[in-house]
2 protein chains.
Amino acid sequence: MSKGVNLKILSQRLNLSQTTVSRALNGYPEVSAETRKRVAEMADKLGYAPNSQARRLATGRSMAIGHVIPRSIHEMMNPIFLEFIAGAGETYSKHGYDMIISVVEDDQEEEAYRQISSRKKADGVIVHGPAHDENRHALLKDLNLPFVVHGRIAGAETETCWIDMNNRRAFQRATDLLLDLGHTRIALLNGLEHMDFARRRRRGFEDAIKERGLAPDPALMRSNDMTEPYGCDNAMEMLKSDNPPTAFLVSSMISAIGVARAIGQCGLVTGKDVSIITHDDALSFLPNSGEVPIFTCTRSSVRYAGEKAAELLLAMIANPNSEPTSLHLDAELIIGQSTGPAPAKV
Amino acid sequence: MSKGVNLKILSQRLNLSQTTVSRALNGYPEVSAETRKRVAEMADKLGYAPNSQARRLATGRSMAIGHVIPRSIHEMMNPIFLEFIAGAGETYSKHGYDMIISVVEDDQEEEAYRQISSRKKADGVIVHGPAHDENRHALLKDLNLPFVVHGRIAGAETETCWIDMNNRRAFQRATDLLLDLGHTRIALLNGLEHMDFARRRRRGFEDAIKERGLAPDPALMRSNDMTEPYGCDNAMEMLKSDNPPTAFLVSSMISAIGVARAIGQCGLVTGKDVSIITHDDALSFLPNSGEVPIFTCTRSSVRYAGEKAAELLLAMIANPNSEPTSLHLDAELIIGQSTGPAPAKV
DNA sequence: TTGAAAGCGGTACCAA
DNA sequence: TTGGTACCGCTTTCAA
């Protein structure tokens, strides 16, 4: 039952001024070692903890980072998003920052940013799920709110600070692997292609195919929310077609599981009759990490991305004049059980 | 480029006192209609928004709700957790509250609550993932921090405010359904049974079986993190045993997908050779909601639970003397494609 | 090395 | 109906 000890009471008990006590507690150098020790002990004894609101008001820094999640992003990216958040949250708490999350309707996103800025709710924000047609960066610059993008905003790569994996390259390498295994009919089950990451993945896929002198077949490319049924239904449809694919490149584990289900339902064997490569965000509840992982995958930890994004943002805030640094992560290409040589033509 | 208009500037521009302006903006009755209108217009024109830190300091309310997520809970419950959060977040923003999330190491959880209380970071908290051996409610009472439990704390049902689905009943009904279909060898793939919800589910399962004069077979009961491989590996092992189950009752869709995969790999057909009932938290990225859902399930929306939990908590905060109301939600039992009569004995 | 006092930007009581 | 003023609890000059 803490009795609400504040600076005033604490300083009275010590026969010191609030100033000195504050300085002692905040590690200012001009305090004598002995005083500092006395202060620390008494603070500990009385269970003193500074009121964050008061400190925030006094310093003008809210010591919080905002994450605005429009409902549509939430729906599509739910699991990925939380993993990212968890990573970021770790960094924040290490640095004494709070994380505030606003889940808003899509048309309220701008207003949410404006409020964060005008009411001083956070010292910076993370921008989630950049789309191709994107303007949040302009708004945030206008609001003078430091931000880091998870992903990239096409066309604003040099003027914004971002952290992203190399989506194009990852999907190019994955496609190359399938081509090397002799697959020529490769299907792409991509995420929604108004999202920046999905566009880049598609480019990587197409580049790889074109480099071998092949032409991407539009009938084998799909784009949608990355649910399990999306993977299953589309794979099923393609597998039953006249000219079915022998391999699938899939944008998410969840959809890949759906694809595997479809393959099973067709009486085929994954990794033998039909190959799958998926992108693996290294989500804790979807482990794909045995000695030989179930799925061959391009893997990149979103959690790590979250940690790093937070670090970039805190650095920007601490040092507003520094150049915007960005981070480009490469995905690992990991061979699992879901790929094998293209079956011989009948 | 907002210029940081504050109350002082605003009131000067209006030739009014800060007091009056504040009252006008906050809807106090003693302000003349005309003044109120003038104030509102000017505030709008200058883009005035009150500084939240200042207001919080003055009112003594932080207008924020805390969610402390120990890493272990995060790892197991990741997708469920975010969905809950999203629901809660909606309620918060409707009421002008912020949501602050702390992801902490397991051994830092208590400290996190203490800080929320002593530094006044939040006016209340939501307790996630109650275990069987649980003491957070005692701590929070001690800290005088209002809270609502998502789930129940066994033994403290009457003294705490909680929202929970009827886990026991849901699993009892699901088991009954399987028994009615003629299944007698039913496997239970449960979540971690030190968690309260998992214990209740198990009880429901066992009760149903015992009521028919059968005995639950320990060989058919498993308990673990609800991952996809957990479902697959355990189902596989059981299906290959001498006396395999003909039906699975599974605690999460993700594991159920794994079970389906195992069934497929054994050359069997889900819903015909082997039945599955899963619990479905109605996660947006795992839809199970076609005309005839893929999985027969007990369904209860976590998102809805989040909304309601937040409402309960805000009500407690607004009216600290009211009796603790709790909410017991019933899951729907929904027939999908994954159940059918027990296959005739050979 | 320490302290007095003026903010930070609001709210709310007491008078007028 | 409006205004003066004392807080809220901490930080941060400026003086001593």
Side-chain angles (χ1 to χ4, degrees), chain A residues 2-40 42-43 46-64 96 98 115-121 123, chain B residues 2-40 42-43 46-64 96 98 115-121 123:
Chain A
S2 73
K3 276 300 302 156
V5 190
N6 58 23
L7 237 206
K8 190 171 171 189
I9 298 182
L10 178 58
S11 58
Q12 282 168 353
R13 293 278 299 245
L14 284 159
N15 276 321
L16 286 170
S17 70
Q18 294 192 27
T19 314
T20 304
V21 175
S22 170
R23 282 196 280 236
L25 257 21
N26 290 309
Y28 282 61
E30 63 259 42
V31 182
S32 79
E34 197 210 318
T35 307
R36 191 187 301 281
K37 188 161 161 255
R38 271 184 63 215
V39 171
M42 184 63 83
L46 300 187
Y48 168 77
N51 179 308
S52 6
Q53 328 296 345
R55 169 181 276 172
R56 285 164 181 182
L57 177 57
T59 58
R61 290 176 310 151
S62 68
M63 295 303 285
D98 285 339
Q115 290 214 359
I116 288 176
S117 165
S118 65
R119 315 178 94 112
K120 307 270 166 15
K121 290 196 171 193
D123 299 325
Chain B
S2 73
K3 277 300 302 155
V5 190
N6 59 22
L7 237 207
K8 190 171 171 189
I9 298 182
L10 178 58
S11 58
Q12 282 169 353
R13 293 277 298 244
L14 284 159
N15 276 322
L16 285 171
S17 71
Q18 293 191 27
T19 312
T20 304
V21 175
S22 171
R23 280 197 280 237
L25 257 21
N26 290 307
Y28 281 61
E30 62 258 40
V31 182
S32 79
E34 197 209 317
T35 307
R36 191 187 301 282
K37 186 159 163 258
R38 269 185 64 216
V39 171
M42 183 62 83
L46 301 187
Y48 168 77
N51 178 308
S52 10
Q53 328 296 347
R55 171 182 274 173
R56 286 164 181 182
L57 177 57
T59 58
R61 291 177 309 150
S62 69
M63 296 301 287
D98 286 338
Q115 290 214 358
I116 288 176
S117 166
S118 64
R119 316 178 94 113
K120 307 270 165 17
K121 290 197 171 190
D123 300 326

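Just so we're clear, the structure is a prediction, and the values are computed from it rather than from any experiment. A, B, ... follow the sequence lines: proteins, then strands. Residue 1 opens every chain.
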Query raised in the report: Below 4.0 angstrom from OP1 or OP2 of C:dT1, is there any side-chain N or O of A:T35?
Result: no
Query - Phosphate OP1/OP2 of D:dG9 contacted by A:N51 side-chain N/O (<4.0 Å) - result: no
By side chain to side chain contact (heavy atoms under 4.5 Å, CB included), which residues pair with [X], not counting sequence neighbours?
X	value
B:K37	B:E41
B:A58	none
A:R38	A:L14, A:L16, A:E34

Requested in this report: Looking at every strand, decide which applies to A:Q18 at a 4.0 Å heavy-atom threshold: base, sugar-phosphate, or nothing.
Outcome: base
Query raised in the report: Please give, in whole Å, the distance from D:dC10 P to A:M63 CE?
Result: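 To the nearest whole Å, that distance equals 15 Å.
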Query raised in the report: B:L57 CG to C:dA12 P: how many Å, rounded?
Result: 12 Å
Query raised in the report: So which of A:N6, A:V21, A:T20, A:T19 actually passes side-chain contact (heavy atoms from CB on, under 4.5 Å) with A:S11?
Result: A:V21
Please enumerate all residues that pass side-chain hydrogen bond (donor to acceptor under 3.5 Å, both in side chains) together with [X], with sequence neighbours excluded.
X	value
A:D123	A:S62
A:S32	A:T35
B:K121	A:D98

Report task. Rounding to 10 degrees, work out the angle separating the end axes of the helix from C:dT1-D:dA16 to C:dA16-D:dT1 (five pairs an end). Result ->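 What I find for the helix from C:dT1-D:dA16 to C:dA16-D:dT1 is an axis angle of 40°.
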Query raised in the report: The side chain of A:T59 lies closest to which of these nucleotides: D:dT11, C:dT11, C:dA4?
Result: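 Closest nucleotide to the A:T59 side chain: D:dT11.
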Report summary line: residues 5-31 of chain B vs salt bridge (charged side-chain N to carboxylate O under 4.0 Å, His left out), sequence neighbours excluded, gives B:R23-B:E30
Query raised in the report: Mapping B:A54 and B:R36 to their closest nucleotides on DNA chain D, which lands nearer the 5' end?
Result: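 Closest to the 5' end, via its nearest nucleotide, is B:R36.
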Query raised in the report: When you match A:N26 and B:A58 each to their closest nucleotide on DNA chain D, which lands nearer the 5' end?
Result: B:A58
Filtered N/O pairs between nucleotides 13-16 of chain D and protein, under 3.5 Å:
none

